[in-house]
Amino acid sequence: MHRLEQLNPEQRRAVEHGDGPLMVLAGAGTGKTRVLVNRIAFLVRRGVQARDVLAVTFTNKAAAEMRERLRELLGVAAQRMWIGTFHATCARLLRLHGERIGLPSDFTIFDDDDQRRILSTLLKGKGLDDQVTARTLATQIDRYKNRGEDPMDAAGGWGDDILREIYPLYRDQLARESAVDFNDLLLKVLELARDEEVGPHLAARFRHVLVDEFQDTNRVQYRLVRHLSQVHGNLCVVGDDDQSIYSWRGAEPRNLLDFGRDYPDTAVVKLEQNYRSTQVILDAANAVIAQNRDRHEKALWTEIAGGEPILWEESDSERDEADFIARAIKGLVSAEGRTYADMAVLYRTRAQSRALEEQMRRYDIDYRVVGDISFFQRREIKDTLAYLRLLLHPNADSCFERIVNVPTRGIGKTTIERVRGYARRANIDLYEAARAGARGDVGALSAGPRKKLAAFVDIIEGLRDVLAAGASVAELIIQTVERSGYREWLEKQDTPEANDRLSNLAELVSMASDFDDETDGEGTLVEFDARVSLWSSVDTSDGRSDGAVTLMTIHAAKGLEFPVVFLCGMEDGLFPSLREREGGDLMDAMEEEVRLAYVAMTRARERLVLSNARTRRQWGEIRINQPSRFLDLVPDHCMAVRARPAPRPVRSYLPEPGGRSWSRRGQRQRADRSARGAQYDELDQRTYDDDMPVYHADAESGVGDEGGRRRTPGRSGARLRAGVDAGDGPEAGSMVSHASFGTGRVLESTGSGKGRRLLIDFAGVGLKTVLARFVEPA
DNA sequence: AACGCGGATCTTTTT
DNA sequence: GATCCGCGTT
């Protein structure tokens, strides 16, 4: 059996810490996972039962990797450990104990797509769908649930009335369908924790609890962890407050920063030796993160002195930027003998991948996009799962509605409405009502629709027989795709997309086969469904990149490392994003952007290339962006002179220590704290809807000269416009007419060119936002 | 009831 | 530019 892997003194201290709370502050690249894995191995060798160890990771992929490494160290014992994400762990606990709080053990898990669908249906049912989008509502609900609060307590805020009207319906529907959403998984376990019987059991269940990425836990997760470690008091948290990048979904870095307050006798270990990056890269990353206040002071250091200087390349457009990156990749392969797998291109937003992908293809570079729309989010996959879920839970109305006419089998709106009406009157679920309809019990249905409903019911009943006959999960899926007519339907379409969908379904079948093998045929449909629900896009890509360049968002790159990292789209407004966030302080938002930059830079082992584009197409509009303020923070000695654009005034965005924090807009602040005589400018006040420099999309020629000019103080925000000004259309106050909404008065106009939008008060219709090109002066 | 098209929205990040 | 939704047409 292996001995403990090579460890430095701090790592060893963390690994060999005995009982009691332990906090490991682990900077980027300091061997955090190694400590975690070795600590678990250490504990088990000291006599702790594998089944009494709970390790919580951030992603399923991280869990799988941890389990694999433990298997290498400990053998089969690793299989008995509880290793998983918060959500997966909670799902497992709920399968065991959920019935205690009224949750059937075969509950299904609804992802946010399912969630949104239900909310959307409910909103439409109440005629509120023109007021709030399902997405907004879902975000709102999650915000409460992330904090462990009841959405029904929402009051006073904008849209809270609607929230309170819809949420109970949503909650009831989930209960009726034996389903939980992501947040419920955690909240229901908290509920269990309060149960007089199960609660104490859970508190004592695990001898050791270890939590990775602790800076990204939310309040509910924190309470969970507290409870689960309550009796034995062996809680080990590992994290880095500088890498907290998920506060937008409720993560509270305070959980880490204040850990010592809740656990006064905590042993603290700081890991500061970085084994990943060169000195140059660390210097740059440290300089960036140093901007933030309120952090555990850490000083990352490395023995890898010097290193290649950081490159900064500025391009004219996002296309040129992608072209530069593609050529640089080729160049690094031929000049330095790098492989594609050595390299990653990181970006702030998903949308940026398109231009990159185009150039990768053009230069014939193998690439893969991580976190692309999840396999399991694809329509054909979700449709198939909806069939399966309806088998398990005939009362799952949302599943019924999803697939009753997919593939199209002639069951239209009116028929469904009638079935729905019958269901409501008889107080039964939709599937039951459809059966009644097929039997002819629903008076309003004529022979045609009745037959069609009967055909659908036959499909479901037939599949239920297959399930009852003890078919494997793979077999069940094959039968579903066949009997539902899905395969035939797609084959008949014979389009590239339809063929894609077919191969996705084939892939689902083979995943199910793997599942069947893995569980010796004992795995149930419920278990397979649960696994699929919790398996996200990031997890889907297996760690190996098979000789391809990796393209991904910075968020997806957390925890990974590459010899060469390209960080593109370094532009103010894009990165940092500076997008207004609901209810968030702009200062906090900026600090998170800084951390994001820190995370991105510290992914690089040897080479870091930064790039920005002067112009970028966004929402079909061309925008002129200034280089990111983050570029200014990179110390001169780290940067290759050649690539660095001409010097310009340095901006500093942080107020004086102790000074006012950022206000949202309209206030000018000065902060001459930079050594280089910084000049604060108004950049921060820019938002997406006001005076962004914009010009007409159809006048490409204007970009080169004007866009390349450096911003100088006092000239900011000039609007460039090529061609005639006439494209602008009506101003606020004027009367206009619209083909479908009639006449109305313009209240506000935003954007320009093709994308110019008007907020119009239409007589009898109300407020609408309309594209300017669709109205005429009245 | 299926299909096509006009129109609005989207883009920050995900278990 | 892509996608998604609703509406009008067949």
Side-chain angles (χ1 to χ4, degrees), chain A residues 56-63 84-91 109 111-113 116 120 124 129-130 133-136 139 142 145-146 181-186 213 216-218 220-221 244-251 346-355 358 371 373-374 376-377 379 405 407-416 448-449 452 533-539 552-558 569 573-581 589 592-593 595-596 599-600 616-622 688 697 738-741 751 754-755 757-758 768-771 773-775:
Chain A
V56 182
T57 58
F58 197 66
T59 63
N60 294 295
K61 195 168 105 190
T85 61
F86 273 105
H87 294 83
T89 303
C90 287
I109 302 164
D111 65 16
D112 25 330
D113 182 61
R116 226 172 319 160
S120 170
K124 277 180 201 149
D129 56 317
D130 56 340
T133 63
R135 202 179 125 74
T136 311
T139 311
D142 279 346
K145 286 191 173 181
N146 279 331
D181 63 25
F182 278 144
N183 276 321
D184 288 341
L185 285 171
L186 312 186
E213 308 281 13
D216 282 324
T217 53
N218 66 28
V220 173
Q221 291 165 335
S244 167
I245 55 177
Y246 283 99
S247 66
W248 51 273
R249 71 169 206 217
L346 307 185
Y347 37 81
R348 181 64 232 274
T349 66
R350 270 177 197 299
Q352 290 169 257
S353 75
R354 189 182 310 140
E358 273 170 23
I373 296 159
S374 164
F376 299 110
Q377 305 263 69
R379 200 187 326 152
N405 197 34
T408 51
R409 46 176 75 92
I411 301 176
K413 235 185 183 160
T414 11
T415 309
I416 294 173
K452 287 167 178 160
S533 309
L534 292 171
W535 209 251
S536 82
S537 49
V538 183
D539 301 314
M552 61 185 155
T553 63
I554 300 167
H555 282 87
K558 190 166 87 154
L574 184 63
F575 189 34
S577 154
L578 302 180
R579 188 174 183 257
E580 289 185 60
R581 296 197 237 197
E592 183 139 318
E593 296 290 315
R595 292 193 293 270
L596 214 36
V599 168
R616 184 175 295 275
R617 243 199 148 91
Q618 275 170 299
W619 310 288
E621 228 181 35
I622 291 178
Y688 282 16
H738 184 277
S740 30
F741 302 136
K754 229 173 60 177
R757 273 181 290 274
L758 304 171
K768 291 272 175 202
T769 303
V770 163
L771 283 175
R773 59 195 151 100
F774 292 115
V775 303

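Order of the sequence lines fixes the chain letters, A, B, ..., with proteins taken first and strands second; residue numbering starts at 1 for each chain.
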Please state how far atom [atom1] in [X] lies from atom [atom2] in [N], giving the value in whole angstrom units.
X      : N      : atom1 : atom2 : answer
A/F182 : B/dT13 : CZ    : P     : 16 Å
A/R249 : B/dT14 : CZ    : P     : 8 Å
A/R379 : C/dC4  : CZ    : C1'   : 10 Å
A/N405 : B/dA2  : CG    : C1'   : 10 Å
A/F86  : B/dT14 : CZ    : C1'   : 15 Å
A/L186 : B/dT15 : CG    : C1'   : 8 Å
A/K413 : C/dC7  : NZ    : C1'   : 9 Å
A/Q618 : B/dT11 : CD    : P     : 13 Å

Over all strands shown, is [X] touching base, sugar-phosphate only, or nothing at heavy-atom distances under 4.0 angstrom?
X      : answer
A/R135 : sugar-phosphate
A/K452 : nothing
A/F58  : sugar-phosphate
A/T133 : nothing
A/D112 : base
A/Y246 : sugar-phosphate

Which nucleotide in the list B/dT14, B/dT11, B/dA1 gets nearest to the side chain of A/T415?
B/dA1

Side-chain atoms of A/H87 come closest, of B/dT11, C/dG6, B/dT15, to B/dT15

I want to check one thing: is the phosphate of [N], taken as OP1 and OP2, less than 4.0 Å away from some side-chain N or O of [X]?
X      : N      : result
A/T89  : B/dT15 : no
A/R350 : B/dT14 : yes
A/N146 : B/dT15 : no

Check whether any side-chain heavy atom of A/L185 sits under 4.5 Å from a side-chain heavy atom of A/I109, and report yes or no.
yes

Roughly how far apart, to the nearest Å, are C/dC4 and B/dT13 at atom P?
15 Å

Residues two or more places apart in sequence or in another chain: which of them pass ring-ring contact (aromatic ring centres under 6.0 Å, His included) with A/F575?
A/F630

List in chain and number order the residues that pass ring-ring contact (aromatic ring centres under 6.0 Å, His included) with A/H555, two or more places apart in sequence or in another chain; answer none if no residue qualifies.
A/Y246, A/W248

Of A/P449 and A/T553, whose closest DNA chain B nucleotide lies nearer the 5' terminus?
A/P449

DNA chain C: 5'-proximal contact among A/R354 and A/K124 (nearest heavy atom)
A/R354

Lys/Arg N to Asp/Glu carboxylate O, A/K145 vs A/D184, below 4.0 Å:
yes

Within the distance-only criterion (no hydrogens, no angle test), does the side chain of A/Q352 pair as donor or acceptor with the backbone N or O of A/T349 below 3.5 angstrom?
yes

